[in-house]
Each structure stands twice: as structure tokens, then as C-alpha cells.
There are 2 protein chains.
Amino acid sequence: MKPTVHDIAAHAGVSLATVDRVLNGRAGVRPATREKVEAAIEALGFVRDVAAANLAKGRVYSFVFILPANDNSFMQALRAEVQAAAERGRRERMSLVMRDVPAFDIAALVAALDDAGRDRPDGVAFVAIDAPEVRAAADRLVEQGIAVVTLVSDLSGSRRVHFAGIDNIAAGRTAGTLLGRFLGGRPGPVLPLAGSLMVRDHRERLEGFGSVMAERFAARAILPVLEGRDDPVETGRLVQEALLAHPDLAGIYSAGAGNRGLIRALQAGGSGVRPVVIVHELTGATRDALAQDLIDGVLNQDAGHEVRSAIRVLKAETDRSAVVAAQERIRIDIFLKDNLP
Amino acid sequence: MKPTVHDIAAHAGVSLATVDRVLNGRAGVRPATREKVEAAIEALGFVRDVAAANLAKGRVYSFVFILPANDNSFMQALRAEVQAAAERGRRERMSLVMRDVPAFDIAALVAALDDAGRDRPDGVAFVAIDAPEVRAAADRLVEQGIAVVTLVSDLSGSRRVHFAGIDNIAAGRTAGTLLGRFLGGRPGPVLPLAGSLMVRDHRERLEGFGSVMAERFAARAILPVLEGRDDPVETGRLVQEALLAHPDLAGIYSAGAGNRGLIRALQAGGSGVRPVVIVHELTGATRDALAQDLIDGVLNQDAGHEVRSAIRVLKAETDRSAVVAAQERIRIDIFLKDNLP
DNA sequence: GAATTTCTGATTTACGTACCTCAGAACTCG
DNA sequence: CGAGTTCTGAGGTACGTAAATCAGAAATTC
């Protein structure tokens, strides 16, 4: 059977207490004795039973998730996933607390981070706003020995251990390639849409999109970016105007939210051949639009995967154990009509 | 703090033994008493600590993985992932045994399944061959109360609890859409390649591919399927011949393995515009080819995800607990040059 | 109403590790 | 060589749950 600490003690000819000292790096063991114990561990292939260890330690993992109080589909999904993970976590000695902060509010986020640190949790995950004050607040947590993970949106130059989110530049590039290639020789300009250029995700996506268009589809005209504030109504209005102003509009890349408005405008779009459309985030609306051939592709980040990944990383960090790197790389999911889940 | 069985006993005014009987569905509790205990569980929000429970039970999860002794990149990756999972599993009271069987050998697979059952493990995962004998062997395991999961390749009509693999028809359809749209108006026929049409995965992919081409790109000529036996040399030869025979060849869809040969043939392909190429499985070779613009897209199934998913499902099944359905859906990863990991 | 059966409570041990105390052995230093 | 320090062994308790035993209470049967 699987060897236990008792077996190690017997094999090394020392007592349980000494084995324990070696295993947990405590002082009071002569080098020669330490080596004997380590040899026994090696020989028997002992591995510590983490469940028993955590039980003995009385350890309860405590993590805080700080999420913006946005009401778009993606943030709703994210909150639901945190909720579900909290539920499951209870049976595994994990306490997950979710805190809402006003969206795009730097001061509120900083306050929430400092506040979270006061309870001395094992880890904190949060959707970052890329600002120096936030970076400083995150680093204060790290200073206290609290593991910090950014979620969905990263915080450059900070001491967070991990970013559970997609590479938005790569996502923009992917969207550019898909759109450019789907267009083929079809003439006409392309319209980029964003929620706001103040948001780092959207900016990065458009940056990637722009560079691919310049590199590989240089002949294609790119219209100025329109900002729909992630609002369906506003986005719909902007798209409707663009369709009127550019009857030959060949493609649309929507890097932000508010896609319900875009889809409505496309439906109302009328008689001609509709533009090729690539959007972000698989929601009820974008899923239906894809199934009905109203749009051509959806790039998606899996909220569930991001939340579970953040938790795994925080847990590994508190245990000082390793993660499976490949598992924690958040993929850019590409959905066409044919591979909808 | 988190309530324990002791708290339940105190709150319900019964003994620990009675709480235990209720919790574990044992007999010997009057309905009225049972309700009192259940009310206390509800009131205190008690959830069982699985780690402590498994420790007390002395439970060790024992799973057997049966994999074909194929030496292509994908199977090698799969074996490596099982190996890595076995290593990690040791610290979590899990024993993972990996068994090799000759590839495409129904009798050997049946023997391996029966053999695995003899040790009475908690679960078995295997790469299925879709044959009645295999189905019967799998059902025999289920009959013994062993959880059965198919990996990569499914077993229709069997009593396996889960299939950890991708939907190959959807993958083929996705490949078809990508290829058809990337081709745009470019004239010329398309060549489908497979390892063997006897293999269910490849057959399904080509089926999906064919139906999309017929539905959405009906004008495009499809050449007869070539079978390269998943062998780089043979595949290379076939592609080279096809390139000579069809100088206007516009596209290639490779549903099987042996893509190193395909890539070599493309490199040697010479002067003209190369065909649009979509292949399966992200390996060193296909990754490089994508980065160097020798091919246009790679559809991939993540071996690591499949193995971890199979383990999670087997574990949940032995615990009779629930899985996170979304987490166990294996995605069809689409890689372009722009979103390579 | 006695005998039997079924239920219930109290108590104990076990799982594998962590961590504590205490006593005694083995060293080190002056 | 004695005093001090550093190591080591022995033994225990604890974590939260499972599961066993045994005795007593309640219900059922004759």
C-alpha cells in the first residue's frame, strides 16, 4: 500500500517526530539524520497525502473574488461561475467570497482590494483596471503574503502571480485574419466597433486587428473605430448609420459588448448582401445570430474556465505546489456555425 | 466556523451515530428522527468534508487507462498526460494505471478490458474501437459497477458514462466551412485526406466535411478521399502525386495524422500558389507549418484536457457526485497563425 | 405480559498528517 | 569534567468523518 510517515520512520530507523521535522522543514535534525530520512522517503516513494495534511492543519482556503458590477452577459456569467465554484468549494475546505465594485471605478477597486486584504485571505482574484493606483493596491496584497490573480483583464507590471484571461492582442489578430480571409476578393471597407477605447481589452483587440489588416490585407480600407459604450441601443444606432453611410460595407469586427444592437441593425439591414461579421463573446444573442447566419464567427473566452483556473492557481500558490501550465492557459475559443456547443 | 457532524448531532439532539446513519443512508433511524437530523443539516448548512470522509473511509480511487500503442504525436501526448496525471494523483489518494494495447486490435482491446475488470478498479478509461465485441466488454465492466469512460474515440450504444473527446462530425464541418470560405472564389478542386476510412474518427470528420461542402459550397469539386494510413511517407507521396495530377488543386483537408509528409510535399510543391490547407492535431510539425504560412488552420483536441476530464468524470462517478458539465465538454480548438499557444 | 425484534444512543477506533510536550541522549564549549 | 546546548525519541492530541460495538429503549409479536 501507499507508504505513510510511519513507514518512513520505521525504514529510516528514526521516530515519527523526526520524520515530521524533515518533512515540514523544521529545525532540530542533524544533517546525517536528515539524509537518512530523505533516503527513506526516496526509497519508499512517499508522497504526502494533501487531504490528510490539510485536515490536520485545519486549513481552510479563503479566497476573495472582486468583480465589477457590470450587467452585460459576460459579467453575469462570470458571477454565476464564481457562485457555482463557491458552492462546490464548501465541501473541499474552501471559502469563496464574492465582492462587487462599481465598474470602471479605480478608487472603488483600490478600496475593495485594501478591504479584502484586511481579512487576510489566502488569495484574491479581481478584474483589473490598468492603473498605477490599482497596481499599488495589488502589490500591497502581495506584500502581505496574499496570492493575487487577475481575471479577464490584466494589470501590467504588478506582482500578481497569474492572469486568468485571454491574450487580447492575439484575439484581435485572429479576428482580423478570419475577417480578411472570409472577405476574400469582396470589395468594400471594414468597420471596427468597440465598447470604449479606454478599456484595455478592447484597445488591445483593435490593436491586434489593425496590425493584421495592415500586414496581410493592406488593400482593405478600415473605417474609424466606433465606440458603442457596450450598450446595445447605442451600438445598434451606430451600425445602422454606418450601413447607410457605406452601402458597400464589407465587414464588421465588434471587439466589445452590446452585440444585441449590432444584430438588430443587421436584421433590419435590408436587401443587399450583409457584411461579414466577427464578434466577441458567445451569448444567447450571438449564438442565435450565428446559427441563423446573421454573423460569421464568434471569439469567446470561457468564463467558467477562467474562474476555475483562477481558483486552481490561488490554491496552488497557497500550497506552494505546482500548477499544470497548459491547463491554465485560457484559450481563445473560435465558434463558427458548425462547432457551436 | 463550518459546522461538523458533531454540531448536527448537538443541534438535532441525537447522537453522532444517528447523524452518521442519516448521512450515509444506513438503516435504523425512525422517520421522525431522520427528519430532525435533516432539519439540523439544513439549518446549519452542513456539507460533508470530502477529504475527511475519504480519509476515514480509507478510499483510494483506482482507475485504469487503456491506450493503443500508437506512436503518432497525439497518442504520445496522450500517454504523457496520463503519466503526468498519475504522478499528481498520488498525493490525492488516486492510483492511475496505464495499459498499452496493440492499435486497431479488437481482440486485444477486449482482453485488456476484461483483464482490467479483474482487479475491480473504480473506473476504466479507454480509446474505443467501435465494435460489438468491445461494446460487450465495456458493458461487462459497467455490470460489475465499474465506471467506464471512452477517450478520444467513442463507443456507440454502450453504457459508458461519458465520452471524453470531440464531436468529429462538427470538427469536419468546421474544417469544411473554414476551407470553403478561405478559398472564396478561387477555382480548383479540393482534396480530402484521411488515415483510414476504417477509423471512425476520420470517417466522421470526412462526413461532416462532405456535408458542409455539399450544403454551402456545392460548386466546388471534391476529389476522392486518399488514405495515407496516418503514415508521413505514404501521405507525402499521395499529396505529391495529387499536386502533379491537379495543378489547379485549391484546397486540402487532412482529417488524419501523418501531416509531416503533407507538409514536406507542400514545401516541395514548387512555384504556383499553394492550396489552402486545413489539418488536424497541433504537433510540432503542424505548429511550425502554421507559423511559416505553409498551412492555414489546425483543428485540435487537447489531450491534456481529455485526460483530466476523464479522471474528473470517473472520480465523480465513484463518489456519485455531480460534474460541471461545461467543463467536461471537449472543445474543438481552432488555431490560426495568430492564436498559436 | 413476556419474548422478540427493531431502533437509538454512547463510546471507541481508525484514517494520515501536523504539532505539541517532555525526557533523555548526544554533542559543544569552556 | 561539568554545564550548557542541540538533537532525537516517545507519546500524545487534534482535524472531520466512517464505522464498529454494545447496551438500553421502544415497538412488535405471540
Side-chain angles (χ1 to χ4, degrees), chain A residues 1-38 40-41 44-62 89-95 318-321, chain B residues 1-38 40-41 44-62 89-95 318-321:
Chain A
M1 276 276 75
K2 201 165 160 298
T4 74
V5 280
H6 295 87
D7 302 323
I8 303 300
H11 190 273
V14 301
S15 81
L16 218 56
T18 305
V19 175
D20 183 63
R21 287 179 189 119
V22 172
L23 274 178
N24 294 293
R26 276 188 272 274
V29 185
R30 217 167 344 183
T33 315
R34 175 175 304 266
E35 272 163 37
K36 267 201 306 186
V37 173
E38 276 160 359
I41 289 172
L44 298 182
F46 170 82
V47 281
R48 190 193 307 243
D49 182 329
V50 287
N54 283 343
L55 180 59
K57 270 197 282 236
R59 145 155 282 155
V60 177
Y61 300 93
S62 71
R90 300 188 56 209
R91 68 195 70 228
E92 283 156 20
R93 325 192 108 242
M94 177 161 63
S95 134
T318 14
D319 287 343
R320 303 183 191 305
S321 66
Chain B
M1 277 277 72
K2 199 163 161 299
T4 74
V5 279
H6 296 88
D7 302 324
I8 303 299
H11 190 274
V14 301
S15 81
L16 220 55
T18 306
V19 175
D20 182 63
R21 288 184 187 113
V22 173
L23 275 176
N24 294 290
R26 276 187 273 272
V29 185
R30 216 171 341 188
T33 316
R34 175 174 303 267
E35 273 163 34
K36 267 200 307 185
V37 174
E38 276 161 358
I41 289 173
L44 299 181
F46 170 82
V47 281
R48 189 193 306 240
D49 181 329
V50 286
N54 283 343
L55 180 59
K57 269 197 281 239
R59 146 154 281 155
V60 177
Y61 300 93
S62 71
R90 301 188 55 208
R91 69 196 70 228
E92 283 156 18
R93 326 192 107 243
M94 176 160 65
S95 133
T318 20
D319 287 343
R320 304 185 188 305
S321 67

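A note on names: the letters A, B, ... follow the listed sequences, proteins ahead of strands, and every chain is numbered from 1. If you're wondering where the values come from, they're calculated on a predicted model, not measured in any experiment.
Counting any heavy atom pair closer than 4.0 Å across all strands shown, R34(A) reaches no nucleic acid atom. Residue contacts shown for N24(A) are limited to sugar-phosphate atoms, with no base heavy atom under 4.0 Å away. Across all strands, R93(A) comes closer than 4.0 Å only to sugar-phosphate atoms, never to a base (heavy-atom distances). Counting non-hydrogen atoms under 4.0 angstrom, D20(A) reaches a base of the nucleic acid. Nucleic acid contact class of V14(A) (heavy atoms, under 4.0 Å, all strands): sugar-phosphate only.
Mapping A56(B) and K36(B) onto DNA chain C by nearest heavy atom places K36(B) at the nucleotide closer to the 5' end. Residue-to-nucleotide proximity on DNA chain D shows that, of A17(B) and A53(B), the 5′-proximal contact is made by A53(B). Both D49(A) and R30(A) lie near DNA chain C, and the one whose nearest nucleotide falls closer to the 5' end is D49(A).
Going from atom CD1 of I8(A) over to atom P of dT17(C) covers 9 Å, rounded to whole Å. The distance between atom CG of L23(A) and atom P of dG16(C), rounded to the nearest whole Å, is 15 Å. The distance from atom CD of E35(A) to atom C1' of dC7(D) is 16 Å, rounded to the nearest whole Å. Rounded to whole Å, atom C1' of dT11(C) lies 11 Å from atom NE2 of H6(B). The CD1-P distance, from I41(A) to dT17(C), rounds to 11 Å in whole Å. For the pair L16(A) CG and dC15(C) P, the interatomic distance rounds to 13 Å; values are reported in whole Å. A straight line from CG of N54(A) to C1' of dC15(D) spans 11 Å, rounded to a whole angstrom. Here dC15(D) presents its C1' atom at 17 Å from CD of E92(A), a figure rounded to the nearest Å.
Taking the side chain as every heavy atom from C-beta outward, D49(B) and T4(B) never approach each other to under 4.5 Å. Between R21(B) and V37(B), the closest side-chain pair of non-hydrogen atoms is not below 4.5 Å. You'll find the side chain of V19(B) stays beyond 4.5 Å of the side chain of H6(B), heavy atoms only. In this structure, T33(A) and V22(A) have side chains that are not in contact, with every pair of non-hydrogen atoms separated by 4.5 Å or more.
A40(A) and H11(A) get closest at one heavy-atom pair: CB-ND1, 3.5 Å.
The side chain of R21(B) has dG9(C) as its nearest neighbour among dA18(D), dG16(C), dG9(C). Comparing atom distances between the A52(B) side chain and each of dA18(C), dT17(D), dG16(C) picks out dT17(D) as nearest. Relative to the side chain of L55(B), the nucleotides dT17(C), dG16(C), dG9(D) differ in distance, and dG16(C) lies closest.
At dC7(C), none of the side-chain N or O atoms of R26(B) fall inside 4.0 Å of OP1 or OP2 (strictly under the cut-off). Between dA10(D) and S15(A), no contact under 4.0 Å exists linking OP1 or OP2 to a side-chain N or O.
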Notebook entry, point to check: What do the steps show when you test K2(A) against D7(A) for side chain to side chain contact (heavy atoms under 4.5 Å, CB included), and what is the final call?
Noted result: CA-CA 9 Å; K2(A) 201 165 160 298; D7(A) 302 323; over 6 Å; no

